Amino acid sequence: MERYTGKSVLKGIAIGRIYWYRKQHYQVVRTEVPDKEAEKRRFADAVETAKVQLAALYEETLTRVGEDHAMIFDIHKMMLEDDDYLDAVNEVLEEGLNAEYAVETAQNQFAEMFASMDDEYMKARAADIKDISRRVIRILAGVPEDGILSEEPVIVVADDLTPSETVKMNKNKILAFVTVRGSSNSHTAILARSMNLPALVNTGMEAGEELNGKIGVVDGFHGEFLVEPEQELLDEMIHRKNQWVADLEALEQLKGKDNVTSDGRRIDIYANIGKVDDADGALAADAGGIGLFRSEFLYLGRENFPTEEEQFLSYKAVLEKMGDKKVVIRTLDIGADKKVDYFALEEEENPALGYRAIRICLDRPEIFITQLRALFRASAYGKAAIMFPMVVSVAEVRRIKEIVNQVKEELTTEGHPMKEVELGIMIETPAAALISDELAKEVDFFSIGTNDLTQYTLAVDRQNQKLESICDTHHPAILKLIELTVKNAHKEGIWAGICGELAADTDLTETFLAMGVDELSVSASSVLKVRKAVRDI
Ligand code: PEP
Ligand code: MG
């Protein structure tokens, strides 16, 4: 048996087979093939497989989120039947070249053609062409879509995982994550938590293909990863896992109960989500609403910007699912560790202190306006609130409000129905906390992002695994900034919540209540745990 230690991201236990995750840097190469007819058949087979996959995706999405979202897979299937596209691929195959190269050539030709069109709808089809072509290429090359080539759910072990890679993974195929590197404050760790999966980062282990298929145990309570444990230890871990599941079941009794202390102090407990489907988990956990929808996850793991229509459908779906419960959607927070190729961001010396979040939105308003249009259009379908990340000044907030007003005017002229939307900001820089008295005059609410507030207050890079030991989230400086923010919010009659990971830290629940925090937004898996902590006070 081998035993490794790492930093635990979620307290839980997973037992199962290990899957070594290989990075997918699949590069298409141009080669000549000896038998062009066989290559044509290989392409035709791949197209058929892609169509079967798309039909399955259509059915799955239809039942999970409805026709509006599912339709895209039907359109993709039709695109794969388009004669012009198939002819373009076959033309290259006719020259005796390999199918991957032929598909990529056709993809580039069509994507360029669509992208150069004036019509916005047709322009957006460039992304679809890339999507279907990548699918066919992956099938031809035998590269699994989400990187996990396994039928049974597995413990995914990787060197490190980016948020883009994690967001693409199918939760049903994963029991736990273990990474060699990585920090527990990274967005990958946050994603694991939102998927309610035990996870360990920074194990520092020597890992590779040889782990594939071995039995592993992830013990998130003790930060341990066991590989091929002896039968006796395995039995003990199975017992402890059953105990953990039983404890979780006991928490279920708190569903439907109020978040109130024995002396009558109430607090809202909401959930953080990153994807449309996560709203189901929030509802299942009996969250009072969504306190943070990290909208940038809609931008990750894809080849091109999500269109206004795609975003509108996603926000609408979440709002409809949540009914009369509030949904706080954060505008995109791209940059730092959340990298997306199509944003073409330059390499930076200090990405966390760099061009990210609202800074990008104010500098490239066309991206911001597309998102705001989608958000305000979706507002008609539920109780939406919008918040803006990484604010440092009053001037930024005023500029944001100007753009918001312009968007609302345009939508009104175009006849789109909209509802009242609360506008808030994240307090995640010391600057924002320190001028929260002035900022409170400008907005309807504050949501304190303790993950970034910690990194900027303590000057500790949240991505740097070496600094975890000095990343003291209970540091008095951070608690003082939270207290100041809440006090200034209440002076102006607005509410203040916490949506960073610290909100779920039950050692601080009493402190937050004493400070007068109005809302805690936590991963769905922590909602009932925090409710219990509140009720025990
Ligand atoms: C935070 O910084 O606390 C926060 C909630 O935002 P993110 O973790 O996405 O940066
Ligand atoms: Mg943040």
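The structure presented is a predicted model; accordingly, all values stated were derived computationally and were not measured. Counting starts at 1 for both ligands and their atoms, in listed order.
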**OP:** Measure distances from the Mg ion (ligand 2) and count the protein N, O or S atoms below 2.8 Å.
**Re:**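 If we list every protein N, O or S atom nearer than 2.8 Å to the Mg ion (ligand 2), we get 2.
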**OP:** Fit a plane to each ring of Phe343 and Tyr299, take the angle between them on a 0 to 90° scale, and name the class: parallel (under 30°), tilted (30 to 60°) or perpendicular (over 60°).
**Re:**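 Aromatic pair Phe343/Tyr299 classed tilted.
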Run the salt-bridge test on [X] and [Y] with the 4.0 Å N-O cut-off and return the result as yes or no.
{"X": "Glu519", "Y": "Lys326", "answer": "no"}
{"X": "Glu308", "Y": "Arg377", "answer": "yes"}
{"X": "Arg330", "Y": "Asp333", "answer": "yes"}
{"X": "Asp536", "Y": "Lys532", "answer": "yes"}

Subject >> Sequence neighbours excluded - ring pair (Phe, Tyr, Trp, His ring centres under 6.0 Å) pairs with any residue from residues 484-537 >> reply: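 Residue pairs with at least one partner in residues 484-537: Phe445-Trp495.
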**OP:** Check ring-ring contact (aromatic ring centres under 6.0 Å, His included) between Tyr342 and all other residues, then give those that pass, not counting sequence neighbours.
**Re:**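 Tyr342 satisfies ring-ring contact (aromatic ring centres under 6.0 Å, His included) with Phe305 only.
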Original post:
Among Ile427, Leu292, Thr450, which one satisfies side chain to side chain contact (heavy atoms under 4.5 Å, CB included) with Ile498?
Top reply: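 Among Ile427, Leu292, Thr450, the one that satisfies the side chain to side chain contact (heavy atoms under 4.5 Å, CB included) with Ile498 is Thr450.
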Original post:
Which parts of the protein, at residue level, reach under 4.0 Å of ligand 1 through a heavy atom?
Top reply: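 If the criterion is a heavy atom under 4.0 Å, then ligand 1 touches His187, Ile190, Leu292, Arg294, Arg330, Asp333, Lys338, Arg356, Met426, Glu428, Gly449, Thr450, Asn451, Asp452, Arg462, Cys499, Gly500.
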Original post:
Within 45° of the six-membered ring axis of Tyr381 and under 6.0 Å from that ring's centre, is NZ or CZ of Lys316 located there?
Top reply: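 Lys316 over Tyr381 ring: yes.
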